[in-house]
Chemist: 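What follows is a single structure, and I will ask about it in a moment.
Since the model is a prediction, treat every value here as computed from it, not as a measurement. In each ligand, atom 1 is the first atom listed, and ligand 1 is the first ligand listed.
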Amino acid sequence: MTIRWRHLLALVIILPLLGFGFAWSGLMGVGASSGHWPITNWFLHWVMRNSIRTAALSITVPSLENPELLPPAAGHFETGCAICHGSPAQGRSDAVLAMLPPPPDLKTVAPTWSDAQLFQIVKHGVRFTGMPAWPAQARDDEVWAMVAFLRKLPEMDTNAYLQASGLHGIGHAGEVSPLPITCESCHAEKRLNGNSIIPRLAGQQEAYLLNSLRAFAERQRPSGIMEVAIGALPDDSLPELASYYARQARPPRQGIPADPRLVEKGRELAEKGRPEEKLPACLSCHEKPGGNPAYPRISGQNAAYITRQLQLFHAGVRGGSSFSHLMIEVAAKLKEEDFAALAAFFASRESVGP
Ligand code: HEC
Ligand code: HEC
Ligand code: HEC
């Protein structure tokens with residue numbers, strides 16, 4: 001009996017030492033050229049699918065029907081995902097196909113995952129494979145937009161993809177590749193309407209635009225989409241972009257359908273606030289003659305974008321410039337039902353001062 005115990009103890013000590021020695025010797029191949037053995041391949045993929053299935057069990061799926069989720073996600077897909085996975089506008093390169101494991105064609109594999117599972121993969125990435133995590137972990141709404149896009153991807157032909165991602169209509173119709181995504185692919189006035197979750201930039205305060213761009217670049221304002229969009233730009237181009245958009249006239253919008261009672265409720269809050277709850281009037285900061293030029297204009301902005309920003313401020317995840325804490329304090333005092341009223345009021349108002 002004693003001898004058996006000794007043998008076991010020796011094994012427990014010697015086996016890890018042997019393994020360690022083998023790793024130290026450098027004889028273990030780490031080259032990707034020969035691939036994995038089929039059994040290793042099967043095992044790794046099995047582990048991945050199990051892990052994602054279990055993690056996805058606790059995820060609640062929101063409605064993904066809103067068509068406005070597609071444009072920002074499609075534009076981001078082109079810059080952040082297509083380089084590995086290919087897209088309806090470009091195949092996967094030989095260099096990418098030599099990765100171990102190679103990034104799969106998502107048109108084929110996306111339907112094998114549920115919405116919650118896709119969310120888990122896109123938000124957290126897949127360790128040891130090259131599949132990156134979403135750059136802004138603080139918010140989930142952008143990841144859900146990407147899931148909505150991946151659901152539509154299998155049925156998208158090249159044209160539908162070019163249209164959704166904004167590659168179409170910027171003078172490249174007919175040419176398929178290479179088509180760089182620009183700011184205008186997402187922010188062009190003609191692509192935006194009141195339901196857009198992408199903001200209008202034309203006519204916004206220059207100081208605010210510059211602060212926002214710097215906040216995205218420094219990850220003070222979480223947005224995976226905007227981080228990637230400006231990631232490759234040199235720092236000194238940010239003032240030029242801010243000035244370019246601030247100088248554009250914001251074309252007025254006619255006939256935005258809005259419930260007049262909602263607009264009235266929004267006006268009341270914007271002009272008077274709720275003094276009994278120490279909620280200040282929005283217009284005591286925003287668009288105030290002689291006010292701080294780093295405070296943004298809200299009038300004429302897309303209603304759905306305003307609502308989303310209020311939700312993010314309210315949840316405490318919308319960062320921004322060194323003034324953003326002011327807005328976080330205000331939004332903490334807002335109620336869910338205020339968001340739509342405020343958005344309806346500001347979206348239907350022509351941009352004014354300061
Ligand atoms: C640097 C390359 C790279 C980039 C960029 C990348 N991926 Fe991946 N992705 C991979 C690889 C490699 C896998 C395979 C993982 C595996 O099979 O274990 C993968 C797997 C996936 C899967 C699971 C598919 C399956 O069945 O294995 C999804 C979904 C996915 N990626 C979506 C995305 C999205 C959306 C983006 C952009 C936000 C993205 N990926 C960006 C490399 C990449
Ligand atoms: C793939 C789509 C996409 C591209 C490309 C893109 N943006 Fe954006 N942009 C967005 C989205 C979505 C938001 C909203 C982010 C949020 O929810 O915080 C945004 C927000 C912004 C804001 C903040 C505006 C505000 O009112 O707070 C600025 C400024 C901006 N973008 C400028 C740019 C510039 C300049 C470029 C080009 C270098 C660019 N964007 C490229 C999608 C895009
Ligand atoms: C105490 C001053 C102050 C008050 C009051 C205030 N805000 Fe703000 N708000 C700000 C500042 C400052 C920012 C910009 C934060 C940044 O630079 O990132 C902002 C940003 C915003 C944004 C984001 C704009 C964009 O383009 O992304 C919205 C929407 C907004 N405020 C709506 C409101 C509404 C609605 C009210 C009234 C309920 C309100 N604000 C009251 C200071 C204020």
Side-chain angles (χ1 to χ4, degrees), residues 44-45 48-49 52 71-85 96 99-104 106 109-110 112-113 117-118 121-122 125-126 128-132 134 139 141-142 145-147 149-150 165-166 181-187 197-201 204 208-213 215-216 220-226 228-230 233 237-238 241-242 244-245 266 269-270 273 279-286 292 294-298 301 305-310 312-313 318-327 329-331 333-334 338-339 342-343 345-346:
L44 292 175
H45 211 68
M48 174 224 183
R49 287 201 91 96
I52 284 159
H76 179 77
F77 187 87
E78 182 61 22
T79 32
C81 318
I83 185 174
C84 285
H85 290 286
V96 152
M99 280 172 70
L100 188 66
L106 295 178
V109 296
T112 66
W113 300 99
Q117 289 167 343
L118 282 176
I121 299 171
V122 177
V126 184
F128 303 131
T129 68
M131 170 61 201
W134 192 259
R139 56 192 284 198
D141 57 318
E142 293 185 320
M146 183 55 80
V147 175
F149 168 79
L150 292 175
S165 56
I181 288 275
T182 65
C183 313
E184 284 292 285
S185 313
C186 288
H187 289 284
I197 52 175
I198 300 176
R200 304 175 85 179
L201 303 179
Q204 183 54 279
Y208 170 74
L209 289 176
L210 182 56
N211 283 345
S212 299
L213 291 172
F216 288 127
Q220 296 297 320
R221 177 171 169 185
S223 166
I225 294 177
M226 271 308 294
V228 170
I230 58 173
L233 293 176
S237 65
L238 301 186
L241 286 164
Y244 170 78
Y245 278 109
L269 277 174
L279 174 70
C282 316
L283 296 170
S284 66
C285 286
H286 293 283
N292 188 333
Y295 293 2
R297 291 185 179 139
I298 316 293
Q301 188 52 277
Y305 172 76
I306 299 177
T307 306
R308 177 156 288 195
Q309 295 301 303
L310 292 177
L312 292 170
F313 277 121
R318 162 63 151 85
S321 72
S322 54
F323 299 111
S324 57
H325 66 281
L326 295 172
M327 188 57 211
E329 281 163 30
V330 172
K333 296 187 183 119
L334 291 174
D338 297 334
F339 300 156
L342 287 162
F345 167 68
F346 278 109

Chemist: Please verify whether a non-hydrogen atom of Gln309 lies at under 4.0 Å from ligand 2.
Modeler: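 Per 4.0 Å heavy-atom rule, Gln309 contacts ligand 2.
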
Chemist: Does ligand 3 have an atom under 4.0 Å from some heavy atom of Asn211?
Modeler: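 No; Asn211 lies far enough from ligand 3 that no heavy-atom distance drops under 4.0 Å.
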
Chemist: Which residue holds the protein heavy atom closest to atom 4 (C) of ligand 2, what is that atom called, and what is the gap in Å?
Modeler: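 The answer is Cys186 SG, 3.3 Å.
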
Chemist: Pro296 near ligand 3, heavy-atom distance under 4.0 Å?
Modeler: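 Heavy atoms of Pro296 do come under 4.0 Å of ligand 3.
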
Chemist: Has ligand 3 got any nitrogen or oxygen that is less than 3.5 angstrom from a nitrogen or oxygen of Arg297?
Modeler: no

Chemist: May I ask you to list the atoms of ligand 2 that are less than 4.0 angstrom from any heavy atom of Gly75?
Modeler: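 Going through ligand 2 atom by atom, the ones under 4.0 Å from Gly75 are 1 (C).
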
Chemist: Is it the side chain, the backbone, both or neither of Phe323 that has a heavy atom closer than 4.0 Å to ligand 3?
Modeler: both

Chemist: Need the ligand 2 atom indices (1-based, order shown) with element for anything under 4.0 Å from a heavy-atom of Ile181.
Modeler: 5 (C)

Chemist: At a 4.0 Å threshold, what atoms of ligand 2 neighbour a non-hydrogen atom of Arg139?
Modeler: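 So the answer, numbered in order with elements, is 16 (C), 17 (O), 18 (O).
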
Chemist: Is it true that Arg200 lies under 4.0 Å from ligand 2, counting heavy atoms only?
Modeler: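 False for this residue.
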
Chemist: Output the list of atoms in ligand 1 that are nearer than 4.0 Å to some heavy atom of Leu118, sorted by atom number.
Modeler: 29 (C)

Chemist: Record the part of Ser324 in heavy-atom contact with ligand 3 below 4.0 Å; permitted values are side chain, backbone, both and neither.
Modeler: both

Chemist: Closer than 2.8 Å to atom 8 (Fe) of ligand 2, do we get an N, O or S atom from Ser223, backbone or side chain?
Modeler: no

Chemist: With a cut-off of 4.0 Å, which atoms of ligand 2 are near a heavy atom of Leu209?
Modeler: 29 (C)

Chemist: In the protein, which heavy atom is nearest to atom 16 (C) of ligand 3, and how far is it?
Modeler: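 Checked against all protein heavy atoms, atom 16 (C) of ligand 3 sits closest to Ser321 OG, 3.3 Å.
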
Chemist: I need the atoms of ligand 2 closer than 4.0 Å to a non-hydrogen atom of Thr182, numbered in the order shown.
Modeler: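 Numbered from 1, ligand 2 contributes 5 (C).
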
Chemist: Report yes if some N/O of Arg318 lies less than 3.5 Å from some N/O of ligand 3; otherwise report no.
Modeler: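 Yes, there is a polar N/O contact under 3.5 Å.
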
Chemist: Nearest protein heavy-atom contact for atom 3 (C) of ligand 3: which residue, which atom, what distance?
Modeler: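 Here the nearest protein heavy atom works out to Cys285 SG, 2.7 Å.
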
Chemist: Would you check if Cys183 and Tyr245 make a side-chain contact, meaning some heavy-atom pair closer than 4.5 Å?
Modeler: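 Counting from C-beta outward, Cys183 and Tyr245 do come under 4.5 Å.
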
Chemist: Any atom of ligand 2 sitting under 4.0 Å from a heavy atom of Tyr305?
Modeler: yes

Chemist: In the protein, what heavy atom is nearest to atom 28 (C) of ligand 2, and what distance, to one decimal place, separates them?
Modeler: Leu201 CD2, 3.6 Å

Chemist: When you measure from the side chain of His187 to the backbone N and O of Arg200, does any donor-acceptor pair fall under 3.5 Å?
Modeler: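 No; zero donor-acceptor contacts below 3.5 Å.
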
Chemist: Against ligand 3, does Ser322 come closer than 4.0 Å with any heavy atom?
Modeler: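 Judged by the 4.0 Å heavy-atom criterion, Ser322 does not count as contacting ligand 3.
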
Chemist: Looking at non-hydrogen atoms alone, which of Ala229, Gly224, Ser165 comes nearest to atom 41 (C) of ligand 2?
Modeler: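 Residue with the shortest heavy-atom distance to the ligand atom: Ala229.
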
Chemist: Which of the atoms in ligand 2, numbered in the order shown and given with their element, are less than 4.0 Å from a heavy-atom of Pro72?
Modeler: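 In order of number, 1 (C).
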
Chemist: His76 versus ligand 2: do any nitrogen or oxygen atoms come within less than 3.5 Å of each other?
Modeler: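 There is no such contact.
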
Chemist: Among all protein heavy atoms, pick out the one at the shortest distance from atom 19 (C) of ligand 2; state its residue, atom name and that distance to 0.1 Å.
Modeler: Met226 CG, 3.3 Å

Chemist: List the closest protein heavy-atom neighbour of atom 40 (N) of ligand 3: residue, atom name, distance to the nearest 0.1 Å.
Modeler: His286 NE2, 2.8 Å

Chemist: Taking non-hydrogen atoms only, is Cys183 closer than 4.0 angstrom to ligand 2 via side chain, backbone, both or neither?
Modeler: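 Looking at Cys183 and ligand 2, atoms from backbone and side chain both fall under 4.0 Å.
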
Chemist: Only heavy atoms of Leu233, strictly under 4.0 Å: list the atoms of ligand 2 that pass.
Modeler: 38 (C)

Chemist: Classify the contact between Ala281 and ligand 3 as side chain, backbone, both or neither, using a heavy-atom distance cut-off of under 4.0 Å.
Modeler: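 Answer for Ala281: backbone.
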
Chemist: Under 30°, 30 to 60°, or over 60°: which ring-plane class applies to Phe323 and Tyr295, parallel, tilted or perpendicular?
Modeler: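 Aromatic pair Phe323/Tyr295 classed perpendicular.
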
Chemist: So is Thr79 touching ligand 2 or not, going by heavy atoms under 4.0 Å?
Modeler: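 No.
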
Chemist: Which pair of heavy atoms, one from Leu310 and one from Ala331, lies closest together, and at what distance?
Modeler: O-CB, 4.3 Å

Chemist: Where does Val96 meet ligand 1, judged by heavy-atom distances below 4.0 Å: at the side chain, the backbone, both, or neither?
Modeler: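 No part of Val96 comes within reach of ligand 1.
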
Chemist: Do Tyr208 and ligand 2 have an N or O pair less than 3.5 Å apart?
Modeler: yes

Chemist: So, of the N/O/S atoms that His187 has, which is the nearest one to atom 8 (Fe) of ligand 2?
Modeler: NE2

Chemist: Assess Arg49 against Trp113: is NZ or CZ under 6.0 Å from the centre of the six-membered ring, and within 45 degrees of the ring's axis?
Modeler: yes

Chemist: May I ask you to identify the nearest protein heavy atom to atom 13 (C) of ligand 2, giving residue, atom name and distance to one decimal place in Å?
Modeler: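 Ranked first by proximity to atom 13 (C) of ligand 2 is Pro199 CD, 3.5 Å.
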
Chemist: At less than 2.8 Å, how many protein N/O/S atoms surround atom 8 (Fe) of ligand 1? Leave waters out.
Modeler: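 For atom 8 (Fe) of ligand 1, the figure is 2.
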
Chemist: For atom 22 (C) of ligand 2, what is the nearest protein heavy atom, given as residue, atom name and distance?
Modeler: Phe216 CE1, 3.5 Å

Chemist: Judged on heavy-atom distance to atom 26 (O) of ligand 1, which of Trp134, Trp113, Phe149 sits nearest?
Modeler: Trp113

Chemist: What is the nearest protein non-hydrogen atom to atom 35 (C) of ligand 3, stated with its residue, atom name and distance?
Modeler: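 Answer, as residue, atom name and distance: Cys282 SG, 3.6 Å.
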
Chemist: Please state whether Glu184 comes within less than 4.0 angstrom of ligand 2, counting heavy atoms only.
Modeler: no

Chemist: Closest by any non-hydrogen atom to atom 29 (C) of ligand 3: pick that one out of Leu312, Asn292, Ile298.
Modeler: Ile298

Chemist: Under the side chain to side chain contact (heavy atoms under 4.5 Å, CB included) rule, what do Leu241 and Ile230 come out as? Steps first, then yes or no, please.
Modeler: CA-CA 11 Å; Leu241 286 164; Ile230 58 173; 5.5 Å; no

Chemist: For ligand 2 and Glu142, I'd like to know whether there is a polar contact (N/O to N/O, distance under 3.5 Å).
Modeler: no

Chemist: In terms of residue, atom name and distance, what is the protein heavy atom nearest to atom 33 (C) of ligand 3?
Modeler: Met327 CE, 3.2 Å

